[in-house]
**Student:** 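Below is a structure I'd like to ask you about.
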Amino acid sequence: MLECWVLLGGTLDSTQQNRNPLNRVVCNILGLLETKNVTKRFGGLTAVNDVSLNVEEGQIFGLIGPNGAGKTTLLNCISGVYKPEEGHIFFNGEDVTSFSADKICHTGIARTFQIVHSFPTMSVLENVMVGATFGGRKDREKPENIAEKMLDFVDFPLDYDVLAQDVNTVQLKQVELARAMATECNLLLLDEVAAGLTPGELDVISKLILRIKDSGITIIMVEHLMKLIMGVCDRIAVLSFGQKIAEGPPKEIAENEKVVEAYLGTKRKH
Amino acid sequence: MEKKGTFDISRLNGYLGKLGLKPLGFLLIILLAVIPLIITDQFWIRLLTSTLMMAALAMAFDFSAGFININNFGLAAFWGLGAYTSGLLAVNLGLSPWLGMLAGALAAAVLGFLVGLLTLRLSGIFASCMTWFVALALMALTTNWVELTRGSSGLSTPYLVDSLSNIPYYYVMLIIAIGVLILLRVITNSHIGMAFKAIGQDKQAAEASGINFVKYRIFNMTLSCALAGLVGGFYAHYTGVITPTMMHTSNTVEALAICYVGGRGSIWGAILSAFILVPAMELMKGMMEVRMIIYGVLLILVMLVYPAGLAGLCNALYKFMKDKGLFRKFGFVSKNVTGRS
Amino acid sequence: MDPSQIADPIITGLLRGGLYALMALGLALVFGVMNIPNFAHGDFYMVGAYLAFFSFTAFGLGPILSIIVAMFGAFILGVLVEKGVFYTLRKRSKKNWVMNTFLLTLGISIVLQNSVKMLFGANYRGVTAFWPGTMQIGSINVSIDRIVGFLIAIIAIAGFWVFLSKTKVGRSIRAVSQDETGSQLVGVNLNWIHTLTFGLSCAVAALAGASLLSITPASPGMGLTPLYKSWFVCILVGMGNVGASIWGGLLLGILETFAYMQFGAGWQDAISLAVIILILLFKPSGLFAKKGVKSALE
Amino acid sequence: MKGMSMGRLIKNRWGVLFLVLILSASLLMMGGCGSGDGDNEASDDKTVKIGVLGPFTGPAARVGEEFKASTEMAFEAVDYQIGDHEIELVWIDSESDAEKAARAYEQAIVKDKIDCGFLNWHSWVSVSCMEVAAKYKIPHFFSIGGTDIVNEKYESDPEKYFYWVGKGWPVPEKLSISYVTTLEEAIDKGIWEPRNKKVAMYGVDNDWGRGFANALRSQFEDAGWEVVSEDWVALGETEFYPMLNKLKSLDVSVIAGTMSDPPSVSSFIKQSREVGLESLIICDGLGWVGEWYDLTGEASDYVIDQIPQWATPEAQKFASEFEERYGLEPGANSGGLCYDLARFLVKVLETCDEQYGDINTENLTKIAKDEVMTGNLTLDDGVMTSVYQYTPETFPDPVVDKEHYIFPVIQYFDGEAKIVWPEEWKEQDLQIPEGM
């Protein structure tokens with residue numbers, strides 16, 4: 001009965017696409033993720049205005065800007081939460097603009113949230129297993145093993161059987177990262193991963209981010225914290241009022257006048 | 001899942017595990033199957049039949065409430081829809097009650113599917129309200145469409161079997177209840193159950209992890225309503241008469257109370273609490289109000305004091321005994337005892 | 001078409017709708033401030049009706065006094081319930097609060113209904129009229145009771161509005177409904193606000209029940225209909241939008257009356273439900289959903 | 001995987017303790033009640049168990065209360081003793097719902113092992129319980145529920161359904177014709193000159209309401225009246241403004257129909273006055289339960305109903321005794337009729353004892369077939385009406401005529417009923433309010 005339903009229902013979990021090596025080669029030239037003239041409006045407000053980015057494989061790409069600049073909105077557009085009114089998003093050379101969030105996940109983009117999202121009454125292991133079971137390919141090893149591996153990778157300090165509702169924020173962030181990586185992603189979107197962390201914890205997280213990069217995963221991170229951004233990013237784009245005002249390596253950005261004017265200027269008052 | 005054991009019993013345990021059962025549960029099912037040989041009093045057989053029926057309804061309720069976090073407040077209406085579909089088909093077209101039960105399940109499934117679509121964009125409590133509204137509308141329709149349903153005067157339906165004995169009904173209901181139990185346990189123990197829990201607890205995180213929210217939510221609603229409809233189809237040919245009041249919210253509340261006292265998210269907890277609550281309530285029938293007050297107080301206390309319910313309690317005891325090594329002596333060794341799901 | 005064919009149902013509908021609005025207001029308030037989907041709201045309506053009945057007949061208090069007694073009685077009951085049940089739950093957990101409180105309110109509803117049944121039996125207890133007599137409005141006659149009932153609803157709603165927007169306590173209540181943590185930071189005593197809100201909501205429900213006593217006699221199960229009608233209203237206008245529930249109530253009253261006239265008695269529920277389901281299909285956040293307040297959407 | 005700690009699973013020791021307590025308490029309770037039931041089974045067969053079916057809770061609970069009281073009074077008169085048999089009454093609550101009633105009835109048969117059934121109020125309950133009585137072959141005496149639908153079911157298979165022995169109330173048309181006769185006679189005599197011959201029908205939306213209104217409708221049409229509208233309302237509805245305003249705009253001389261539950265009927269009458277309806281109201285069943293006047297007040301003036309009166313000294317004695325004991329004013333059609341029927345049942349039981357020496361289901365079935373259905377056994381000292389008799393021609397209805405079973409037509413003033421028809425019993429002429 002169950003199998004029948006799955007058969008009838010077709011793609012209860014659609015298998016991943018666009019994983020053939022030829023595609024990859026093409027992508028390396030074009031960049032892993034490309035947004036072309038993406039515009040997203042809410043009523044009269046244009047949250048993201050004509051933003052084009054090109055993220056190459058293996059980079060850590062930083063996305064910065066003052067509050068309300070449209071960073072999270074752009075991230076939501078990429079991860080399929082919103083559909084942009086104009087423009088296109090290409091991932092691995094495929095147009096993923098109209099994909100739903102779960103389908104985006106299957107193409108290999110995973111994400112974390114600004115405010116941690118978890119499954120509170122499931123154990124930490126199960127939380128990560130969700131990502132491994134539904135995000136990844138079917139023919140891989142057992143989700144349980146993947147989940148354990150991922151938790152090991154993020155150095156989750158507690159018993160893996162502990163419920164998600166019983167752990168603290170930094171641990172939840174680790175769980176969230178593990179869950180995202182368990183989906184076997186090529187691209188990881190991090191939304192203000194450092195928010196609310198103590199300097200010590202920040203250190204743990206930034207080391208973790210570098211380790212994720214080393215494992216071959218491309219990262220786009222939205223961040224307020226300059227120290228973190230400048231420390232880990234290969235390339236940075238700056239948004240202000242929905243528009244991209246600058247893009248380049250961290251050093252260039254730090255010296256860019258427009259950025260200092262639009263962004264750092266306001267930041268100092270903080 | 002299955003761990004090769006040296007004892008036969010542990011292999012049995014493994015097979016049962018695939019059906020979502022535990023050895024103890026299996027023993028209890030066998031006990032239920034032989035009960036009519038021990039107890040011959042028709043009253044007890046009827047009582048056990050109603051108990052199994054409420055248990056099946058409560059399990060269907062738990063399938064939504066305990067997993068995707070939607071309290072299907074209109075469950076009784078789907079139960080009634082199944083009953084009316086089956087009853088009307090039997091009365092007007094002479095359809096066999098056996099097929100009628102399936103037709104009832106189908107009708108409830110279709111409406112459940114539509115309600116699933118309707119509530120797709122609503123969050124937990126509002127989706128519950130929506131199912132409730134649909135149920136109220138269905139009840140109003142059944143009451144007022146007198147030409148078809150005979151309205152509040154009730155529809156007389158043919159009996160399922162031509163016998164004074166209640167034992168055939170008992171076995172039919174037992175098979176349905178066990179079928180519901182095994183089906184729901186198998187589904188919820190599989191990765192589908194995990195998807196249900198995930199979308200029930202955090203929609204955004206679930207979607208970001210690659211779960212198709214729409215499919216799972218609608219599948220859940222459809223199946224849970226279909227099962228209620230199946231039980232309704234049985235009920236129509238068990239009492240011989242059905243009225244729109246069977247769609248009343250109070251019947252949903254009964255299933256809900258049984259489900260929550262049993263411990264939600266366990267499926268089998270519903271059976272356990274049905275076997276305690278339904279007979280207890282029946283035997284207290286003389287004190288109409290008092291028994292309802294007990295129901296209410298029980299619900300409040302369970303929510304306040306021990307939300308894990310009976311299933312949670314049993315799991316805790318099981319765990320406790322396992323930690324003390326009490327099971328190893330008897331060969332009940334099983335790796336897959338997480339105490340949850 | 002004769003203009004009175006349109007005007008009459010509107011007048012009748014408005015008179016009905018005033019009290020729906022009042023009920024919905026209480027429900028929306030408790031949901032907005034405390035995040036409790038109150039399924040015992042109808043039972044406080046019932047308690048109000050009983051209190052008014054006994055004050056009016058057994059103690060011979062006047063109509064106004066009876067209604068006030070009902071209001072205060074329900075307020076006290078509401079405070080006790082809040083302190084005894086919800087406060088306890090709040091202390092224990094914050095997880096899955098909405099669902100848990102929903103079940104608690106169900107339990108409270110069962111207990112209240114059946115306690116009343118046990119105490120007073122299943123009989124109907126009503127009064128002929130608080131204020132005998134009728135009045136002509138447009139082309140139809142309406143009993144004074146209904147008009148007074150409507151006026152009570154309007155006055156209560158207006159009073160509430162003044163209370164919520166002009167007084168310090170009222171402003172605290174609104175603050176809590178918008179941002180609980182934030183309001184705690186600026187020194188609002190959350191426990192006190194919660195208790196007060198729940199009590200007020202119960203008082204409002206009882207007020208409706210008491211003023212309708214001459215139309216609907218008191219009986220233990222009488223609360224269900226007003227309960228689901230106030231839920232319609234709240235969801236129709238968008239949950240948490242306290243102000244709009246007034247318009248929702250009036251709208252529902254008129255809608256029902258038209259359904260009643262067109263399709264006959266008994267169909268008004270089915271028709272108005274169908275209309276509401278349709279509206280929600282196209283506008284799931286409700287007719288007057290406000291941005292930033294709690295909504296029905298995921 | 002590492003094991004979970006005990007402390008987390010059992011978050012709250014008190015919670016566990018509480019649940020264990022509940023569990024053991026319920027099990028104990030089950031055990032206790034279970035053994036109690038076992039004792040009942042072994043009770044000696046000199047006890048005759050009679051299942052009394054009535055709406056003891058639900059919207060017609062007041063009727064149920066009167067049923068209970070009247071039945072008790074009738075059986076107390078014989079000290080719950082027929083020959084050397086002790087009578088035990090088993091109350092079966094129909095909750096005014098066909099399905100719940102059928103369940104409860106079946107429960108009473110299999111659990112309490114009743115020897116026969118007695119009484120009932122609603123006809124839809126009759127229809128569902130008839131099936132159960134036929135299934136278990138239990139004779140059920142004198143159910144009041146009277147509409148055609150019961151007769152139709154009986155006639156569909158008289159062999160099977162005769163276990164539903166006799167109805168305490170004939171089909172509506174046999175009684176409702178009196179209303180039309182009353183009005184026509186008043187017009188003939190010149191007491192009333194209606195402004196038109198238009199009538200609107202209304203009724204509670206169930207077998208009773210529809211059956212009654214349909215019977216009355218064709219009788220009005222036969223008498224040359226035009227029926228301009230029909231409205232059905234749900235049981236328990238208390239809002240009638242829209243409907244009454246519609247009736248008012250239709251400008252009919254008479255509105256006629258029935259509602260059986262007190263909140264509906266009293267709201268209907270009260271609101272008809274409030275909206276200023278200018279029609280004569282026939283409201284069958286307004287006076288069925290005692291307290292109607294408290295709910296309607298003076299709005300009930302001029303309303304026409306059909307209810308037997310406490311005319312004879314025995315009837316008045318019963319009524320005052322009833323009120324004294326139970327603090328309720330009995331309704332003639334509920335309390336009074338039930339009292340008569342219960343006395344008829346006592347007579348049936350006595351006959352059974354005399355003829356067969358033993359009262360059981362089988363013998364009672366024989367008595368029902370040989371004595372009651374044939375008209376041999378009658379009750380001729382009823383307090384409500386002269387003679388209760390069933391003949392093979394009328395069965396399952398009782399014989400209806402002026403010598404046997406008929407109700408007078410009455411009109412209410414200040415909560416008092418005045419007989420306006422038939423001629424022999426008349427207390428005053430039909431009164432017509434000014435302007436109608």
**Student:** Distance check, rounded to the nearest 0.5 Å: A:Asn76 atom CG versus B:Gln204 atom CD?
**Tutor:**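 The CD atom of B:Gln204 is 7.0 Å from CG of A:Asn76, to the nearest 0.5 Å.
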**Student:** What is the minimum heavy-atom distance between B:Asp202 and A:Ser118, and which atoms define it?
**Tutor:**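 Distance-wise, the nearest heavy atoms are CB-O, 3.5 Å.
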**Student:** Apply the side-chain contact (heavy atoms from CB on, under 4.5 Å) test between B:Gln201 and each candidate in A:Gln165, A:His117, A:Met122; give the one that qualifies.
**Tutor:**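 By the side-chain contact (heavy atoms from CB on, under 4.5 Å) criterion, B:Gln201 pairs with just one of A:Gln165, A:His117, A:Met122: A:Met122.
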**Student:** Looking only at non-hydrogen atoms, find the nearest pair between A:Asp102 and B:Ile211 and report the distance.
**Tutor:**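 Residues A:Asp102 and B:Ile211, closest heavy atoms: CB-O, 3.3 Å.
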**Student:** Examine whether an atom of A:Thr112 lies under 4.5 Å from a heavy atom of chain B, and if so say whether it belongs to the side chain, the backbone or both; otherwise answer neither.
**Tutor:**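 For A:Thr112, no heavy atom lies under 4.5 Å from chain B.
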**Student:** I'd like to know whether A:Ser100 forms a side chain to side chain donor-acceptor pair (under 3.5 Å) with B:Glu207, so could you lay out the CA-CA distance, the side-chain angles of the two residues, the decisive distance to 0.1 Å, and finally the verdict.
**Tutor:** CA-CA 9 Å; A:Ser100 59; B:Glu207 284 192 313; over 6 Å; no
**Student:** Tell me whether the rings of A:Phe134 and B:Tyr216 are parallel (<30°), tilted (30 to 60°) or perpendicular (>60°).
**Tutor:**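 If you compare the ring of A:Phe134 with that of B:Tyr216, the planes turn out perpendicular.
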**Student:** Highest number of heavy-atom pairs under 4.5 Å with chain B: which of A:Met129, A:Glu176, A:Arg111?
**Tutor:**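 So the answer, after comparing A:Met129, A:Glu176, A:Arg111, is A:Met129.
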**Student:** Measure across B:Ser209 and A:Gly131 and return the closest heavy-atom pair with its distance rounded to 0.1 Å.
**Tutor:**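 Between these two residues, the closest heavy atoms are CB-CA, 4.0 Å.
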**Student:** Please check if the number of heavy atoms outside A:Leu45 that lie under 6.0 Å from its CG is greater than 12.
**Tutor:**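 Result for CG/A:Leu45: enclosed.
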**Student:** Closest heavy-atom contact between B:Ala208 and A:Phe113?
**Tutor:**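 Distance-wise, the nearest heavy atoms are CB-CZ, 3.9 Å.
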